[in-house]
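Only one structure is covered here, and it is reproduced in the block below.
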Amino acid sequence: MAVSLALPSATEALAESLIGCVLVRESREGLTAGRIVETEAYLPGDPACHAYIGKTARNATLFGPPHRAYVYLIYGTSYCFNLSSERDGEGAGVLVRALEPIEGLALMQHRRGIEAARDLCRGPGRLCAALDIDRSFDGAELFTRERLWLEPGQPQGKVRRSRRIGLTRAAHRRLRFYEAGNPFVSGPARLSPS
DNA sequence: AGGATGATCGTCT
DNA sequence: GACGATCATCCTC
């Protein structure tokens, strides 16, 4: 009998290894940064992935080289920040869903119009607002140490996995990764690993 | 040119 | 838990 034992794709491995890395945003207003505590993988051939419909003007970055910023507007109100993840020509990416704020809290509070630290970057739209990330970052390199970049880091404790959040298609796939026990992780508390 | 869609968020009950 | 805001994008005339 045929058994499919595919290794985790590059996208899946990236989504997991991004937990603990630090996203830094430098602007005229000041520096803001946070530890990545939650991600979701969107794989090649995945009906929930923006690349699924083929290459378009919006999703072109997903088909480019890996580790570029893919930023899009959702519901006309919120930006979502992703990394392209597969080799040039293949469309896939990783959504960053939540950060633990570590620098520039006051600026984040100002941009978000709220005080509570826990809510500043808990959710993909919120973290983009807190770091002032918009579509102008789409396609940007993330290792340039200019405007927006990523620094290596390790998770504090276990990285767990669950179903993805908020999708209308293929939500059942367990492609969400988060740092166990971290209060800055988004999503309903009941979304435990199993 | 017009309609449907959406990886969200804040507000309300 | 439910609902509406709001608009870039894509698809179909």
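In what follows, chains carry the letters A, B, and so on, assigned in the order in which the sequence lines appear, proteins first and then strands, with residues in each chain numbered from 1. All of these numbers come straight from a predicted model, not from anything done at the bench.
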Whole-Å distance separating the [atom1] atom of [X] from the [atom2] atom of [N]:
X      : N      : atom1 : atom2 : value
A:L73  : C:dC10 : CG    : P     : 12 Å
A:L62  : C:dC10 : CG    : P     : 12 Å
A:R163 : B:dA7  : CZ    : C1'   : 14 Å
A:E38  : B:dA7  : CD    : P     : 15 Å
A:D134 : C:dT6  : CG    : P     : 19 Å
A:Y75  : C:dT9  : OH    : C1'   : 14 Å
A:H50  : B:dT8  : NE2   : C1'   : 12 Å
A:N59  : B:dT5  : CG    : P     : 19 Å

Mind checking who C:dT6 pairs with, Watson-Crick or G-U wobble, both distances under 3.5 Å?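 Its partner: none found.
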
Counting only Watson-Crick pairs (N1-N3 plus N6-O4 or O6-N4) and G-U wobbles (N1-O2, O6-N3), all under 3.5 Å, who is the partner of B:dA7?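 Checking every strand shown, B:dA7 finds no partner, since no pair has both distances under 3.5 Å.
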
same_hphob_cluster(A:Y70, A:F137) at 4.5 Å side-chain heavy-atom cutoff: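 No, A:Y70 and A:F137 fall in different hydrophobic clusters.
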
Look at the side-chain N and O atoms of A:T168 and state whether any lies under 4.0 Å from the OP1 or OP2 oxygen of B:dA7.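 Affirmative; the distance criterion is met.
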
If the cut-off is 4.0 Å, is A:R169 near the phosphate of B:dT5, judged by side-chain N/O to OP1 or OP2?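 No, outside the criterion.
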
Would you call [X] and [Y] a side-chain contact if the rule is heavy atoms closer than 4.5 Å?
X     : Y      : result
A:L31 : A:E103 : yes
A:N59 : A:Y72  : no
A:T11 : A:E86  : yes

Check every atom of [options] against the side chain of [X] and return the nucleotide holding the closest atom.
X      : options               : answer
A:L167 : B:dG6, C:dC10, B:dA7  : B:dA7
A:R58  : C:dC10, C:dA5, B:dG10 : C:dC10
A:I53  : C:dC11, B:dA7, B:dG6  : C:dC11
A:S78  : B:dC9, C:dT9, C:dC10  : B:dC9

A:R160/A:E16 ion pair, N-O < 4.0 Å: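 Result for this pair is no, no salt bridge flagged.
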
Which is more 5' along DNA chain B, the nucleotide nearest A:R112 or the one nearest A:N82? Just name the residue.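 The residue whose closest nucleotide sits nearer the 5' end is A:N82.
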
Contact nearer the 5' end of DNA chain B, comparing A:G76 with A:R122: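 The residue mapped nearer the 5' terminus is A:G76.
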
Could you say whether A:R135 or A:T77 is positioned toward the 5' end of DNA chain C, judged by the nucleotide with the nearest heavy atom to each?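 That would be A:T77.
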
Confirm from the modelled atom types if A:Y72 and B:dA7 form a donor-acceptor pair under 3.5 Å, side chain to base only. yes

Does the aromatic ring of A:Y42 sit over the six-membered base ring of B:dA7, closer than 5.5 Å centre to centre and tilted less than 30°?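 Yes; by the centre-distance and plane-angle rule, A:Y42 counts as stacking on B:dA7.
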
Classify A:A57 by what it touches in the nucleic acid, base, sugar-phosphate, or nothing, heavy-atom distance under 4.0 Å.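 Touches sugar-phosphate only.
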
Determine the contact category for A:L95: base if any of its heavy atoms lies under 4.0 Å from a base atom, sugar-phosphate if only primed atoms, P, OP1 or OP2 are that close, otherwise nothing.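 Touches a base.
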
Taking CZ in A:R135 as the centre, count heavy atoms belonging to other residues, nucleotides or ligands within less than 6.0 Å. Is the count above 12? yes

